[in-house]
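Comments concern the structure below.
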Amino acid sequence: MTVLDYIYEQPKELQPILLTLRHLILDSSSQVQEHFDGVPFYTYHRLFCYLNITKTHVTLGMCQGRNLSNEQGILTGNGKQVKHIVVKSLQTIPTTSIREILQEALLVNELHEETKKRKKRQKHSQN
């Protein structure tokens with residue numbers, strides 16, 4: 001199943017929300033990879049975000065949410081790692097705030113990747 005197959009199997013009122021959020025995610029970087037594993041997942045060096053639904057809304061889950069500033073005040077959740085944005089209607093999508101959060105999440109993943117590479121180089125130089 002593809003992500004689009006999944007989206008078009010969802011309730012009609014949630015499809016435009018899912019499509020808009022998908023577009024925002026894929027538009028955040030040409031290097032974001034999309035895959036389907038029960039729900040749409042997006043990677044950028046590592047897990048980046050995902051989309052999920054309930055009967056009444058769509059959730060944009062930020063996999064590294066605890067490392068994000070949440071200056072926009074729209075990330076919620078009590079999880080140790082993941083924070084999310086709840087979207088109940090197409091008209092209430094905070095597009096600018098989501099774009100900002102996605103860009104910050106991309107940077108968090110880039111910094112994580114650079115830290116891993118630096119540690120690996122240091123380990124090899126010590127041997």
Side-chain angles (χ1 to χ4, degrees):
M1 176 179 283
T2 69
V3 169
L4 285 175
D5 292 336
Y6 169 82
I7 289 172
Y8 289 121
E9 287 184 357
Q10 302 314 310
K12 294 280 187 217
E13 63 275 8
L14 297 180
Q15 290 176 18
I17 300 169
L18 287 162
L19 289 168
T20 300
L21 291 173
R22 177 181 183 260
H23 173 74
L24 290 170
I25 294 164
L26 293 174
D27 197 41
S28 66
S29 171
S30 61
Q31 296 177 37
V32 169
Q33 299 292 312
E34 175 181 67
H35 64 279
F36 183 80
D37 187 13
V39 297
F41 278 94
Y42 301 86
T43 56
Y44 179 77
H45 296 297
R46 62 181 174 164
L47 282 178
F48 172 54
C49 63
Y50 63 90
L51 295 172
N52 199 8
I53 67 159
T54 69
K55 290 181 181 180
T56 61
H57 65 268
V58 176
T59 300
L60 169 57
M62 302 306 300
C63 296
Q64 307 304 320
R66 76 176 176 123
N67 297 319
L68 302 176
S69 67
N70 196 21
E71 290 178 13
Q72 303 80 5
I74 61 172
L75 287 171
T76 60
N78 297 323
K80 291 182 180 180
Q81 187 69 29
V82 176
K83 303 294 180 195
H84 54 271
I85 301 164
V86 173
V87 179
K88 295 185 178 184
S89 75
L90 190 59
Q91 296 75 24
T92 62
I93 294 178
T95 304
T96 301
S97 294
I98 288 175
R99 281 191 177 116
E100 291 171 358
I101 288 169
L102 291 170
Q103 288 304 307
E104 184 180 359
L106 291 171
L107 290 172
V108 165
N109 280 13
E110 283 178 17
L111 290 171
H112 179 266
E113 187 67 18
E114 286 302 314
T115 300
K116 275 179 39 181
K117 287 178 183 177
R118 191 176 323 112
K119 286 180 180 178
K120 190 174 183 178
R121 284 191 303 266
Q122 288 172 349
K123 184 179 177 183
H124 286 294
S125 68
Q126 292 172 354
N127 292 336

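Each residue takes its place number in the sequence, starting with 1.
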Separation of [Y] [atom2] from [X] [atom1] (nearest 0.5 Å):
{"X": "Gln31", "Y": "Tyr44", "atom1": "CD", "atom2": "OH", "result": "4.5 Å"}
{"X": "Met62", "Y": "Tyr50", "atom1": "CE", "atom2": "OH", "result": "10.0 Å"}
{"X": "Leu106", "Y": "Leu111", "atom1": "CG", "atom2": "CG", "result": "11.0 Å"}
{"X": "Phe36", "Y": "Met1", "atom1": "CZ", "atom2": "CE", "result": "5.0 Å"}
{"X": "Thr59", "Y": "Leu51", "atom1": "OG1", "atom2": "CG", "result": "9.0 Å"}
{"X": "Ser28", "Y": "Gln103", "atom1": "OG", "atom2": "CD", "result": "6.0 Å"}

Donor-acceptor under 3.5 Å (Thr76 side chain, His84 main chain) =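 Judged by distance alone, yes, a pair lies under 3.5 Å.
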
So, does Gln10 use its side chain to make a donor-acceptor pair with the main chain of Ile53 at under 3.5 Å?
->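 No, the answer is negative, given that no donor and acceptor are paired below the 3.5 Å cut-off.
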
Only counting residues at least two apart or in another chain, list the ones meeting side-chain contact (heavy atoms from CB on, under 4.5 Å) with Glu34.
->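 side-chain contact (heavy atoms from CB on, under 4.5 Å) check on Glu34 returns Val3, Arg22, Leu26, Tyr42.
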
Are Val86 and Leu21 grouped together when hydrophobic residues (ILVMFWY) are joined by side-chain heavy atoms under 4.5 angstrom apart?
->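 No, no single cluster joins them.
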
Linked, directly or transitively: Val39 and Val82 (ILVMFWY side chains, under 4.5 Å) =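 As far as the 4.5 Å side-chain criterion goes, Val82 and Val39 are connected within one cluster.
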
In this structure, are over 12 heavy atoms from other groups packed under 6.0 Å from Glu71 atom CD?
->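 Atom CD in Glu71 is not crowded, with 12 or fewer foreign heavy atoms closer than 6.0 Å.
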
Tell me, do [X] and [Y] make a side-chain contact under 4.5 Å, heavy atoms counted?
{"X": "Pro94", "Y": "Gln72", "result": "no"}
{"X": "Leu14", "Y": "Ile17", "result": "yes"}
{"X": "Lys80", "Y": "Arg66", "result": "no"}
{"X": "Ile25", "Y": "Leu60", "result": "yes"}
{"X": "Lys83", "Y": "Asn70", "result": "no"}

Is it true that the side chains of His57 and Thr54 contain a donor and an acceptor less than 3.5 Å apart?
->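 Yes - a donor-acceptor pair under 3.5 Å links their side chains.
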
Side chain to side chain contact (heavy atoms under 4.5 Å, CB included) between Ile74 and Ile98, intermediate numbers included = CA-CA 9 Å; Ile74 61 172; Ile98 288 175; 4.2 Å; yes

Worked check of side chain to side chain contact (heavy atoms under 4.5 Å, CB included) between Leu19 and Leu4 = CA-CA 8 Å; Leu19 289 168; Leu4 285 175; 3.9 Å; yes

Can Arg46 and Val108 be said to form a side chain to side chain contact (heavy atoms under 4.5 Å, CB included), step by step?
-> CA-CA 10 Å; Arg46 62 181 174 164; Val108 165; 3.9 Å; yes

Identify the two heavy atoms, one from Gly38 and one from Tyr6, that lie closest to each other, and give their separation to 0.1 Å.
->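 So the two residues come closest at O-CE1, 3.8 Å.
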
Determine the minimum heavy-atom distance between Gly65 and Leu75, stating which atoms define it.
->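 Looking at all heavy atoms of both residues, the closest pair is O-CD1, 4.5 Å.
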
